[in-house]
Structures are given as C-alpha cells and as structure tokens.
Q: 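Once you've had a glance at the structure underneath, I'll fire off some questions.
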Number of protein chains: 2
Amino acid sequence: MWYYVDPHSGVPIYVQLKEQVKKAVASGLLKEGEQLPSVRELALRLTINPNTVYKVYQELEREGIIETARGLGTFVALKKQKDAALQEAALDRALENLMVEAYQLSVDSKTLKEQFLKKLANWKERLRKGDEDNDMGN
Amino acid sequence: MWYYVDPHSGVPIYVQLKEQVKKAVASGLLKEGEQLPSVRELALRLTINPNTVYKVYQELEREGIIETARGLGTFVALKKQKDAALQEAALDRALENLMVEAYQLSVDSKTLKEQFLKKLANWKERLRKGDEDNDMGN
DNA sequence: ATCACTGTACTATATCACTAATACACCCCT
DNA sequence: AGGGGTGTATTAGTGATATAGTACAGTGAT
C-alpha cells in the first residue's frame with residue numbers, strides 16, 4: 001500500500017519508516033486494531049532487511065503505538081491516555097520546535113497562525129472520515 | 001553563558017549544541033550580528049573537542065544562520081528571506097509533524113489550539129524585548 | 001615584526017548506530 | 001505431526017560520530 005524508503009537519503013531507513021507508520025496511525029489511515037504488514041513482507045516490498053522493519057515495530061511498541069504478538073502479527077494499539085504532566089511538557093517542546101522552525105523560515109506570525117489553523121481543520125477532517133483515497137504515500 | 005551538553009544522552013553532541021544555538025537565535029537570545037563564543041573557548045567550557053564545535057558552526061553557516069570569519073570570530077547572520085515555495089513546503093512538514101505528535105500525546109484539538117496560540121504570543125513577546133533574564137539554558 | 005587571538009585542515013583511532021545474513025521460536029491450521 | 005505463517009535472537013560488517021593531537025592561516029593590536 002503506502003510506505004516507501006530511500007536508503008541514500010541520509011536519514012536512517014528505520015527512522016523514515018517509523019515516521020511513516022506514526023503518521024499513518026495519527027492520520028487515521030491505520031485504525032485501532034488493524035494489522036500491519038508482516039516483518040518479512042514489508043522488508044521484501046521495501047527491499048530492506050527484516051531486522052530493520054523489526055526494529056521499527058519494536059520501537060513503536062515501546063512507544064505504545066502498536067502491539068506485536070509472536071506468530072500472530074503486528075497490530076495498531078488502542079490509544080491510551082498519557083500522563084498529564086508528560087503530555088504538557090512534550091507538547092510544549094513540540095510547539096517550541098515549531099516556533100524555531102518558523103523563525104528560521106522567516107514565516108511571519110500571521111501566516112504561521114493561518115497555516116496552523118488550516119492544518120488543524122484539515123487534520124480533524126481526515127480523522128472523521130475513513131480516508132480511503134489518501135495520497136500520503138506517493 | 002547558556003549551552004550545555006550531555007555526552008551520554010544518546011543524541012550526538014554536535015546535534016545537541018546545534019539545536020541550542022538555533023533556538024537561541026530564533027528566540028532572540030542571540031541577536032543579529034552578535035558574536036558567538038570562539039571554537040576553542042566553547043570546546044573548553046563544554047569539555048568537548050574543538051572539532052565538534054567547529055562542525056556545529058560549519059553546519060549552521062551552511063544553513064545561513066551564522067557567519068564565520070577567519071581570525072575574527074563567529075557571528076549571528078542577518079536573517080534572509082527564503083524561497084517562498086520552499087518556505088511553504090517546510091512549514092507544512094513542520095505542522096504535519098506537530099499534528100502527529102499531538103495525536104500520539106492524545107492532545108485534543110481544543111487544547112492544541114490554545115497552547116499554540118499561547119506559545120505564539122509568548123514567542124512574539126520574547127522577540128520584542130531584549131530578553132536578558134531568560135531561563136533557557138538551565 | 002611579533003604576538004595573541006580567531007577559524008580551518010589533516011590524520012589517526014575508538015566506539016557505536018545502522019543494516020544485513022542467518023538461524024531460532026512461537027502460533028495456528030489441517 | 002507437520003507446514004507455513006508470524007515475531008525474535010545472534011552475529012557481523014560498514015560507516016558515522018566523537019576524541020585527540022598537531023599543524024596551518026587569517027586578523028588586529030602592540
């Protein structure tokens with residue numbers, strides 16, 4: 001389906017793949033309980049090593065995003081509520097990174113705000129519908 | 001002044017330092033034209049190798065954030081306008097990352113919006129004043 | 001001219017991240 | 001019991017990261 005990877009991009013393969021899975025889950029492309037491709041199948045499709053896929057799945061499991069079962073497969077985990085304090089701190093960090101990025105790009109606060117609101121609305125829309133016809137992976 | 005680094009944190013020293021400088025510039029802690037500590041001085045203070053600091057400065061120069069002059073020192077560069085198309089694409093990526101982060105943290109869209117606006121106001125405030133008494137580095 | 005400061009360049013080396021190859025272990029179905 | 005699917009473990013090779021030492025090169029002041 002989606003997922004692609006560039007071994008020469010400089011950023012580690014497992015990081016690329018991990019980001020894509022996270023994005024797919026967050027955007028509703030992968031729903032709770034849904035099964036992910038097997039380690040081998042995905043490795044074959046992306047022409048990478050099964051261990052690389054395994055590493056991705058392992059890290060995502062540590063982060064509570066997916067769950068793996070030996071002999072059965074890998075599935076999107078049920079979303080759990082995080083600790084409030086951690087949540088706040090992490091969000092603050094993420095927002096601060098955004099501000100730094102925006103500054104470096106010389107984006108003025110007005111367009112930053114506009115684009116943010118636009119993206120937020122867009123995101124809520126994505127989560128609402130099933131989202132079959134999404135163009136993420138291409 | 002600020003700047004600290006943890007060799008055991010897993011993330012490369014030069015990445016840590018680079019992020020801090022970028023943040024300092026973006027938040028107005030370091031103003032345009034201001035001189036940064038010399039390669040040697042900073043290396044001594046952080047107990048790291050001068051080459052590591054040099055690498056940071058070199059990469060930041062490539063990104064147009066600072067400028068170096070042999071024999072003189074290293075200075076915060078004048079902010080330049082980026083290409084509009086690149087700017088838009090990069091901002092979009094940053095915003096998308098933020099959305100993924102927020103989803104993983106189970107932050108609802110309402111608080112996300114609130115916190116964003118709060119941070120944005122805060123940031124504008126930081127840039128307005130000189131910002132002596134900032135607690136970033138601790 | 002000399003000195004004391006700046007950035008820059010090379011080489012060597014140790015360690016660890018990343019990826020790969022291969023083999024092992026578990027689960028379900030027939 | 002066996003086969004074919006799953007995740008998991010072990011080992012190893014390659015390259016990036018960081019350290020260290022040493023040397024070079026430009027700038028401004030004395």
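Throughout, a chain's letter reflects where its sequence line sits, starting with A, and its residues are numbered from 1. What you see is a predicted model; the values in this text were computed from it and never measured.
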Q: Is any side-chain N or O of Thr68(A) closer than 4.0 Å to OP1 or OP2 of dT6(D)?
A: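 The answer is no; no side-chain N or O of Thr68(A) sits under 4.0 Å from OP1 or OP2.
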
Q: Rounded to whole angstrom units, what separation is found between the CZ atom of Phe75(B) and the P atom of dT27(D)?
A: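 One finds 12 Å between P of dT27(D) and CZ of Phe75(B), rounded.
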
Q: Provide, to the nearest angstrom, the distance between the CD atom belonging to Glu67(B) and the C1' atom belonging to dG26(D).
A: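 Spelled out: CD on Glu67(B) to C1' on dG26(D) is 17 Å.
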
Q: Can you tell me if Gln20(B) uses its side chain to pair, donor with acceptor, with the backbone of Tyr4(B) under 3.5 Å?
A: yes

Q: Determine the sole option in Lys18(A), Lys82(A), Lys80(A) for which the salt bridge (charged side-chain N to carboxylate O under 4.0 Å, His left out) test with Glu63(A) is passed.
A: Lys18(A)

Q: Distance check needed: dA17(C) C1' versus Ile13(B) CD1, whole Å only.
A: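 It is 15 Å, rounded to the nearest whole Å.
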
Q: Can you measure Gln58(A) atom CD to dC18(C) atom C1' for me and round it to whole angstrom units?
A: 14 Å

Q: If only side-chain N and O atoms of Tyr14(B) are considered, is one of them under 4.0 Å from the OP1 or OP2 phosphate oxygen of dT17(D)?
A: yes

Q: May I have the distance from Leu42(A) (atom CG) to dA20(C) (atom P), rounded to whole angstrom?
A: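 Value for this atom pair: 13 Å.
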
Q: Look only at the side chain of Gln115(B) and the backbone of Leu91(A), and say whether a donor-acceptor pair between them is shorter than 3.5 Å.
A: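 Here the side-chain-to-backbone pair does not exist.
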
Q: Tell me which nucleotide among dC18(C), dG7(D), dA18(D) gets nearest to the side chain of Val39(A).
A: dG7(D)

Q: Does dG7(C) have OP1 or OP2 under 4.0 Å away from a side-chain N or O of Tyr54(B)?
A: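 No, because none of the side-chain N or O atoms of Tyr54(B) sits under 4.0 Å from OP1 or OP2 of dG7(C).
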
Q: Can you confirm whether the side chains of Thr52(B) and Asn49(B) place a donor and an acceptor under 3.5 Å from each other?
A: no

Q: To the nearest Å, how far apart are Arg70(B) CZ and dG28(D) P?
A: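 Computing the Arg70(B):CZ to dG28(D):P distance gives 14 Å.
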
Q: How many Å lie between CG on Asp6(A) and P on dT19(C), as a whole number?
A: 12 Å

Q: Quick one: does Arg40(A) reach the base of dG5(D) with a side-chain donor-acceptor pair under 3.5 Å?
A: no

Q: What I want to check is whether an N or O donor and acceptor connect the side chain of Asn51(B) with the base of dG21(D) at under 3.5 Å.
A: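 Looking at the base of dG21(D), it does pair with a donor or acceptor on the side chain of Asn51(B) (distance under 3.5 Å).
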
Q: Test of understanding: with salt bridge (charged side-chain N to carboxylate O under 4.0 Å, His left out), list the residues that count as partners of Glu32(B), not counting sequence neighbours.
A: none

Q: For dA18(D), does OP1 or OP2 lie under 4.0 Å from any side-chain N or O of Thr52(B)?
A: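 So the side chain of Thr52(B) is outside the cut-off, no N or O lying under 4.0 Å from OP1 or OP2 of dA18(D).
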
Q: Pick the closest DNA chain C nucleotide for Asn49(A) and for Gly71(A) by heavy atoms, then say which residue is nearer the 5' end.
A: Asn49(A)

Q: In whole angstroms, how far is the P atom of dC5(C) from the CD atom of Gln35(B)?
A: 14 Å

Q: Please check the phosphate of dC18(C) (OP1 and OP2 only) for any side-chain N or O of Lys55(A) closer than 4.0 Å.
A: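 Yes, within the criterion.
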
